[in-house]
There are 2 protein chains.
Amino acid sequence: MKWDTLEEEPCSLSRTVAVVGDRWTLLILRECFLRVRRFEAFQSSLQITRHLLSERLKKLVRFGILRRVPYSEAPKRYEYILTQKGLDLYPVIMAMVHWGDTHMGDERGRPLLHEHKSCGKQFDPVMVCSECGEPLHAKQVHVHAGPGRRGADAA
Amino acid sequence: MKWDTLEEEPCSLSRTVAVVGDRWTLLILRECFLRVRRFEAFQSSLQITRHLLSERLKKLVRFGILRRVPYSEAPKRYEYILTQKGLDLYPVIMAMVHWGDTHMGDERGRPLLHEHKSCGKQFDPVMVCSECGEPLHAKQVHVHAGPGRRGADAA
DNA sequence: TTTGACAGTTCTATTTTAGAACTATAGCCT
DNA sequence: AGGCTATAGTTCTAAAATAGAACTGTCAAA
């Protein structure tokens, strides 16, 4: 498959996967949510090659997930900050973290704990229905074609 | 990075990414949630090479996300069915779908609509705090090290 | 006995990624 | 002035993963 055309498929998952569906991009986003913003900081905490880091950051900027903001004029230096579009990826990251906590843990317990500032408690993320507020389960969901769907492939 | 060691890192995101953090795996899981179960069905709807499909299915079985269940004795044929561990990935997939709907849509509207059987309405997935029920936003969450964390890297 | 469906495996060519070295700008120290 | 360090990249080659196509094996139906 040509991954550049994936983002044009009539499937929202494909389009998302085209942008954030690779290992390094997801790990870079994790760092972003942990307030990492600079090239060297990403590089040293992830051990990603500088080449790939450079490329992934460019891609995230191109898709409007990160903004490249100057923080020094001489020499010109930039840092990478999540846009609203990027912040909106939080549920994706948290859903993955929670799955990892639940199914990939070891005897030592969770690597990270999350505290909700609003209520002060340690929490888990729960995905609910926007209409009735009940937790979502795959079997309770019926999928049907929407307006953005041509006949072709499953989406 | 050796991706085989990623699953042992003290970070739940890394561990999840090690298993489902590539393009094809995520697309295969989409098909699973759309009730696709057989090799030929995955292959023809995804246009994935048979080689990679075979490999990814094996990996998903190895990690306990899919079960390989015989549906014909002669000739021996199998289908791939989500386990509970696999079903638990639903929030990950739905979070990605929702982000795609929100940020990667085109003028034609959504490719797919989701109806919640429990309440009968078309819905969006919303991620909320398990303790107070409020929608989660990155800025309202404070992260701190848990018991499964050694000093080393960000997680 | 030939065709077709299904579930893979095997092969080569292309693309991506890893790993290391290199470039460029500028501040700071002596 | 000359050299060291910090930051943010780029460039190069080798190794690994993926694409694309062909092949294998089992069995049923025509």
Side-chain angles (χ1 to χ4, degrees), chain A residues 1-7 9 14 17-29 31-32 35-62 66-81 153-154, chain B residues 1-7 9 14 17-29 31-32 35-63 66-81 153:
Chain A
M1 182 179 285
K2 328 87 189 158
W3 293 109
D4 340 11
T5 67
L6 193 57
E7 69 198 75
E9 290 217 0
S14 294
V17 162
V19 185
V20 302
D22 74 284
R23 288 151 144 78
W24 283 126
T25 299
L26 289 164
L27 293 173
I28 289 169
L29 287 169
E31 296 300 304
C32 292
R35 275 79 174 171
V36 170
R37 308 174 150 207
R38 299 188 183 177
F39 192 93
E40 294 295 321
F42 286 111
Q43 204 279 319
S44 72
S45 83
L46 291 172
Q47 296 298 101
I48 184 178
T49 66
R50 311 176 72 76
H51 178 85
L52 273 199
L53 175 57
S54 172
E55 192 181 73
R56 291 292 193 275
L57 289 173
K58 272 183 199 144
K59 182 175 175 184
L60 288 168
V61 169
R62 182 155 44 83
L66 297 178
R67 252 176 322 132
R68 189 161 172 269
V69 180
Y71 72 90
S72 152
E73 281 307 320
K76 269 275 186 192
R77 297 210 190 295
Y78 299 88
E79 54 188 7
Y80 297 89
I81 299 184
D153 70 342
Chain B
M1 182 180 285
K2 328 88 189 158
W3 292 107
D4 342 12
T5 66
L6 193 58
E7 70 198 75
E9 291 218 359
S14 293
V17 161
V19 185
V20 301
D22 75 284
R23 287 150 144 80
W24 282 125
T25 299
L26 289 164
L27 293 174
I28 288 169
L29 287 169
E31 296 300 304
C32 292
R35 275 80 174 170
V36 170
R37 307 174 151 210
R38 298 187 182 178
F39 192 94
E40 294 295 320
F42 287 111
Q43 204 280 319
S44 71
S45 83
L46 291 173
Q47 296 299 103
I48 183 178
T49 67
R50 310 175 74 75
H51 178 84
L52 274 200
L53 176 57
S54 172
E55 193 181 72
R56 291 292 193 274
L57 290 173
K58 271 182 199 145
K59 182 175 176 185
L60 288 168
V61 169
R62 182 156 42 84
F63 278 105
L66 297 178
R67 251 177 322 133
R68 189 160 172 269
V69 180
Y71 71 90
S72 152
E73 281 306 319
K76 269 273 186 193
R77 296 209 193 296
Y78 299 89
E79 53 189 6
Y80 297 89
I81 300 185
D153 70 342

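Protein chains get the first letters and strands the later ones, always in sequence-line order, with residue 1 at the start of each.
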Spatial distance of atom OG (A:Ser44) from atom CG (A:Leu53) [nearest 0.5 Å]: 10.0 Å
Non-neighbouring partners of A:Arg37 that pass salt bridge (Lys or Arg N to Asp or Glu O under 4.0 Å), sequence neighbours left out: A:Glu79
Most 5' of A:Glu55 and B:Leu52 on DNA chain D, judged by nearest nucleotide: A:Glu55
Point-to-point distance, once rounded to the nearest 0.5 Å, from CD of B:Glu31 to CG of B:Leu26: 12.0 Å
Check: B:Arg50 side chain, C:dA7 base, donor-acceptor under 3.5 Å: yes
Short side-chain N/O contact to D:dG9 OP1/OP2 from A:Tyr80, under 4.0 Å: yes
Any side-chain donor near an acceptor of the partner, A:Arg68 and A:Tyr80, under 3.5 Å: yes
Interatomic distance where CZ belongs to A:Phe39 and C1' belongs to C:dT25 [whole Å]: 15 Å
A:Thr49 side-chain proximity, nearest of C:dG19, C:dA7, D:dA19: C:dG19
Side chain of A:Lys58 - closest among D:dA22, D:dT11, D:dT10: D:dT10
Minimum-distance nucleotide (side-chain atoms of B:Arg77 versus C:dC6, D:dA19, D:dG9): C:dC6
Residue-phosphate contact under 4.0 Å: B:Trp3 side-chain N/O, C:dA18 OP1/OP2: yes
Nucleotide nearest B:Pro75 when distance is taken to its side chain, options C:dA7, C:dA18, D:dT26: D:dT26
Any donor-acceptor N/O pair under 3.5 Å between C:dA7 base and B:Arg38 side chain: no
Residue B:Glu40, side-chain heavy atoms: nucleotide from C:dT9, C:dA7, D:dG20 that is nearest: C:dA7
Whole-Å distance separating the CG atom of B:Leu60 from the P atom of C:dG8: 13 Å
D:dA8 phosphate, OP1 or OP2, under 4.0 Å from A:Tyr71 side-chain N/O: yes
Sugar-phosphate only, base, or nothing, as touched by A:Arg23 at under 4.0 Å among non-hydrogen atoms: nothing
Main-chain N/O of B:Ile48 paired to B:Gln43 side chain as donor or acceptor, under 3.5 Å: yes
Length of the CD-P vector between A:Glu79 and D:dA8, whole Å: 8 Å
A:Phe42 CZ to D:dG9 P, straight-line distance once rounded to whole Å: 11 Å
Counterpart residues, side-chain contact (heavy atoms from CB on, under 4.5 Å), relative to A:Lys59 (two or more places apart): A:Arg62, A:Phe63, B:Arg23
Spacing between B:Leu6 atom CG and D:dA16 atom P, to the nearest angstrom: 17 Å
D:dA19 OP1/OP2 closer than 4.0 Å to side-chain N/O of B:Trp24: yes
Short side-chain N/O contact to D:dT18 OP1/OP2 from B:Arg56, under 4.0 Å: yes
Length of the line joining B:Tyr78:OH and C:dT9:P, which is rounded to integer Å: 12 Å
d(NZ, A:Lys76; P, D:dA8) in whole Å: 14 Å
Nucleotide of C:dG19, C:dT25, D:dC27 approaching A:His51 most closely (side-chain heavy atoms): C:dG19
